[in-house]
Peer 1: 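Provided herewith is a single structure, encoded as C-alpha cells, for subsequent inquiry.
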Protein chains: 2
Amino acid sequence: MTDTIEQKCLLKGVKLTDQRRLIAKVMSEASDHPDVDELYKRVSKIDPKISIATVYRTVKLFEESGILTKHEFKGGKARYEELNEGHHDHLIDVKSGEIIEFVDEEIEELQKKVAEKHGYTLVDHKLELYGVKKNLNK
Amino acid sequence: MTDTIEQKCLLKGVKLTDQRRLIAKVMSEASDHPDVDELYKRVSKIDPKISIATVYRTVKLFEESGILTKHEFKGGKARYEELNEGHHDHLIDVKSGEIIEFVDEEIEELQKKVAEKHGYTLVDHKLELYGVKKNLNK
DNA sequence: AAAATTAATGATATTGATTATCGATTTTTT
DNA sequence: AAAAAATCGATAATCAATATCATTAATTTT
C-alpha cells in the first residue's frame, strides 16, 4: 500500500481541517473515480454538515497540490482519483461506464518520442480508450 | 484536397440551409480548431443575423453525422474540427496553446492490443500530448 | 399553386457544473 | 485574550450548452 492522502498532505505542507481530513479519508478509501456529487454524498454520510462548496474547494486544492488528479472523460462531469507514483491510463466500457486502469510502457515511450520529434518535451498526456466488451464464447 | 463539408452533407443526406451552408464553409476553410464562440464570430462577419443557438445546433448535427469531431482539451470549451479519413491525435503547446496534429501508427496498434488484452474491442480513443517547446540552440 | 404540415431559426430562458461572494466560525499569530 | 488570517456553509453568480417557443421557411398534400 502507498501513503494515504492525509500523509501526503503532511509531506507537502497542505493544512488539514476536519472537513479536508474527511474528504482525504474518503478519497483514499475509494477504489473508483468519483465525481464531486458522489464524493459529496459519501462524506455527507459521515458529516452531514459539510458543504458541497467545501468539497469543490478541497478537490481543487488537492489537485493543485498534486495529490489528486482530475479526469474529464467524454461528456461527463469531472472525476477525481488519488495520484500515485504508478501513473496509468484508462479504458472505459462505453456500455456500462466501467473504468479499467492500465499501463503500457511501450505507449508511454512512443508518446515521448512523438513529442521529441516535434521539438517538444512531454509534460503531460491524456490517453483514454473507449471499448465494448467482447463476446468471449463465440 | 478532400471533400468540403457541404459535399459531405450531400453524401450523407444532411439537409443544408443557408445558415448550415455558411457554417460548413467556414469550418471547411478553417485550419485550426475553433470553439463555438470563435466560429460564431467568423460566421457573424458574413451573416450578422445568425444566432449562436444555430451554431450550437449545427455543430452538434454535424458531429452526430460524422462530419465534425469535438475535442474537449483540458479545461477549455469544446473545439471542433472537420473529420477526415486520416485520423490524427493532438500535441498541445501548454504555453502558447498551439495545436500540432500527428499520427503514429505504432501507438494506434498498441492501443488496439491493450483493449484486446482486457477483452474489449476498441471503438474510440483520445490521445492528447501536452508539451513545452525545446530550446533547440542549447 | 394555395393550404396544411413539418422543419429550422432567432431570441431568450433554463440547466448543470463550477466558482465567487460574504457573513459566520475556527484557527493562528501576536 | 485580542487581533488577524484562514476556512466554512449557504447561496448568488458565471459560463457553456441545451431547451423552449413564437416566427419564418421549406416541404408535402390536396
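Letters go in sequence order (proteins before strands), and every chain restarts at 1.
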Peer 1: Using a 6.0 Å cut-off, check whether atom NZ of B:Lys25 has over 12 heavy atoms from anything other than its own residue.
Peer 2: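 At most 12 heavy atoms, drawn from other residues, nucleotides or ligands, come within 6.0 Å of this atom.
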Peer 1: Could you tell me the separation between the CG atom of B:Leu61 and the C1' atom of D:dA19, rounded to a whole number of Å?
Peer 2: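 To the nearest whole Å, that distance equals 17 Å.
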Peer 1: So, for A:Phe62 and A:Cys9, which heavy atoms are closest and what is the spacing to 0.1 Å?
Peer 2: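 Residues A:Phe62 and A:Cys9, closest heavy atoms: CE2-SG, 3.7 Å.
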Peer 1: Rounded to whole Å, please give me the gap between CZ in A:Arg79 and P in C:dT18.
Peer 2: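 Atom-to-atom, A:Arg79 to C:dT18, this comes out as 12 Å.
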Peer 1: Pick from A:Glu128, A:Arg79, A:Glu81: which one makes a side-chain hydrogen bond (donor to acceptor under 3.5 Å, both in side chains) with A:His71?
Peer 2: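 Of the listed residues A:Glu128, A:Arg79, A:Glu81, the side-chain hydrogen bond (donor to acceptor under 3.5 Å, both in side chains) partner of A:His71 is A:Glu81.
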Peer 1: Compute the centroid of each ring, for A:His118 and then for A:Tyr120, and state whether the two points are separated by less than 6.0 Å.
Peer 2: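 Judged by ring-centre distance (under 6.0 Å), A:His118 and A:Tyr120 do not meet the cut-off.
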Peer 1: Please report the closest heavy-atom contact between B:Leu83 and B:Gly66, naming both atoms and the distance.
Peer 2: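 Smallest interatomic distance, heavy atoms only, reads CD2-O, 3.4 Å.
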Peer 1: Write down the distance between CD (A:Gln19) and C1' (D:dA10), rounded to a whole number of angstrom.
Peer 2: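 Value for this atom pair: 14 Å.
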Peer 1: Can you tell me the distance, in whole Å, between the CZ atom of B:Arg21 and the P atom of D:dA25?
Peer 2: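 Rounded to the whole Å, the gap is 15 Å.
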Peer 1: For B:Leu16 and D:dA26, what is the distance between atoms CG and P respectively, to the nearest whole Å?
Peer 2: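 Distance check: B:Leu16 CG to D:dA26 P gives 13 Å.
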Peer 1: For A:Tyr40 and A:Val55, work out which heavy atoms get closest and say how close.
Peer 2: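 That would be CD1-CG2, 3.9 Å.
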Peer 1: Quickly work out the A:Glu38 CD to C:dA17 C1' distance and round it to whole Å.
Peer 2: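 About 16 Å, once rounded to whole Å.
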Peer 1: In whole Å, I'd like the distance from the OH atom of B:Tyr40 to the C1' atom of C:dA11.
Peer 2: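 The answer, rounded to whole Å, is 10 Å.
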Peer 1: Taking distance alone, no hydrogens or angles, what donor-acceptor pairs closer than 3.5 Å link side-chain atoms of residues 94-106 of chain A to residues at least two apart or in another chain?
Peer 2:
{"from": "A:Ser96", "atom 1": "OG", "to": "A:Asp93", "atom 2": "OD2", "distance (Å)": "3.4"}
{"from": "A:Ser96", "atom 1": "OG", "to": "A:Glu98", "atom 2": "N", "distance (Å)": "3.1"}
{"from": "A:Glu101", "atom 1": "OE2", "to": "A:His33", "atom 2": "NE2", "distance (Å)": "3.1"}
{"from": "A:Glu101", "atom 1": "OE2", "to": "A:His88", "atom 2": "NE2", "distance (Å)": "3.3"}
{"from": "A:Asp104", "atom 1": "OD1", "to": "A:Glu106", "atom 2": "N", "distance (Å)": "3.0"}
{"from": "A:Asp104", "atom 1": "OD1", "to": "A:Ile107", "atom 2": "N", "distance (Å)": "3.0"}

Peer 1: Looking at B:Lys74, I'd like to know if its NZ atom is crowded, meaning that more than 12 non-hydrogen atoms belonging to other residues, nucleotides or ligands lie closer than 6.0 Å.
Peer 2: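 It does: B:Lys74 NZ has more than 12 such atoms within range.
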Peer 1: Please enumerate all protein N or O atoms sitting under 3.5 Å from an N or O of nucleotides 26-30 of chain C, with distances to 0.1 Å.
Peer 2:
none

Peer 1: Could you go step by step and tell me if A:Asp35 and A:Glu38 meet the side chain to side chain contact (heavy atoms under 4.5 Å, CB included) rule?
Peer 2: CA-CA 5 Å; A:Asp35 59 37; A:Glu38 175 58 29; 3.4 Å; yes
Peer 1: Take the protein atom CG of B:Leu22 and the nucleotide atom P of C:dT9, then report the distance between them rounded to whole Å.
Peer 2: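 It is 11 Å, rounded to the nearest whole Å.
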Peer 1: Can you pull out the residues from residues 42-59 of chain A that lie within a 4.0 Å heavy-atom distance of DNA chain D?
Peer 2: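 Listed by number, they are A:Lys49, A:Ile50, A:Ser51, A:Ala53, A:Thr54, A:Arg57.
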